[in-house]
Amino acid sequence: MLGSSKNVSATTTATPRPSEGGRVERFLRKPDVLSRTAISRSHLYWLMDRGRFPRSIPLSPRVAVWLESDVDAWIAAQIPSDHPRVEP
């Protein structure tokens, strides 16, 4: 029968590590990053090229991710300290 041999590989699952804030670190894919930041794809890469946005982490030739904590920190840094919703 064609295709009857199965390639079975052992999969190991790493224990998630909490970030400094105590929550489990997550990866965000590009659509998630664009949605959270409300910036365009081209502007995202423009900022990354100039070191003004966290660099992506390549997982494979076609998949890149960002650390959720890095994206959240960037968002927080964009809010001016005199914004009415920012607590003193």
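Values reported hereafter were calculated over all heavy atoms of this structure, with side chains retained and with hydrogens, waters and symmetry mates removed.
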Among residues at least two apart in sequence or on other chains, which ones pass salt bridge (charged side-chain N to carboxylate O under 4.0 Å, His left out) with D72?
R23, R36

F27 ring center within less than 6.0 Å of W66 ring center
no

Point-to-point distance, once rounded to the nearest 0.5 Å, from CG of L67 to CD1 of I57
4.0 Å

Heavy-atom closest pair, residues E25 and S69
OE1-OG, 2.7 Å

Within one Ile-Leu-Val-Met-Phe-Trp-Tyr cluster: F53 and V65, side-chain cutoff 4.5 Å
no

Heavy atoms of I39 and L44 approach each other most closely as CD1-CA, 3.8 Å

Contact summary for P54 and M48, nearest pair of heavy atoms
O-CG, 3.6 Å

Filter on side chain to side chain donor-acceptor pair (under 3.5 Å), then keep only pairs touching residues 45-56, sequence neighbours left out; what's left?
K30-Y45

Backbone of V33 reached by a side-chain donor or acceptor of T37 within 3.5 Å
yes

